[in-house]
Amino acid sequence: MSNQIKRVLAQLSVSMSENLPYVKQKLSKAGASSGNALVYSVAKYYTALNKLAEEK
């Protein structure tokens with residue numbers, strides 16, 4: 001694995017761990033329950049999804 005891929009994966013891991021509490025909080029406020037796979041997928045793309053939501 002190249003150093004660039006390792007760096008990107010490390011950044012993704014940090015981003016997911018930072019966004020995971022926000023995703024869980026928003027889901028609980030909405031009264032929705034979901035599986036771990038969905039929560040981690042949303043956490044992975046949380047920043048991009050917020051930017052898209054702000055543009056519209």
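No experiment lies behind these values; they were computed from the predicted model shown.
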**Fill in**
Note: Ser15 and Thr47 closest approach over all heavy atoms is OG-OG1, 4.4 Å
**Request:** Could you give me the CA-CA distance, side-chain angles and deciding distance for Leu9 and Met1, then say whether side chain to side chain contact (heavy atoms under 4.5 Å, CB included) is met?
**Result:** CA-CA 11 Å; Leu9 288 174; Met1 195 179 317; 3.7 Å; yes
**Distance in Å, Glu54 CD paired with Lys51 NZ, rounded so as to fall on 0.5 Å steps** = 9.0 Å
**Request:** Tell me, please, which residues at least two apart from Ser13 pass side-chain hydrogen bond (donor to acceptor under 3.5 Å, both in side chains).
**Result:** none
**Exercise: identify the closest heavy-atom pair between Ala43 and Leu20** = CB-CD1, 3.9 Å
**Request:** Measure the CG-OH distance between Asn50 and Tyr22 for me, rounded to the nearest 0.5 Å.
**Result:** 10.5 Å
**Message:** Using side chain to side chain contact (heavy atoms under 4.5 Å, CB included), reason through Tyr46 and Leu49 one step at a time and then give a plain yes or no.
**Reply:** CA-CA 5 Å; Tyr46 185 77; Leu49 292 171; 5.7 Å; no
**Asked** In Å, rounded to the nearest 0.5 Å, how long is the span from OH of Tyr40 to CG of Asn19?
**Response** 12.5 Å
**Minimal non-hydrogen separation, Lys44 against Met16, with atom names** = CA-CG, 3.6 Å
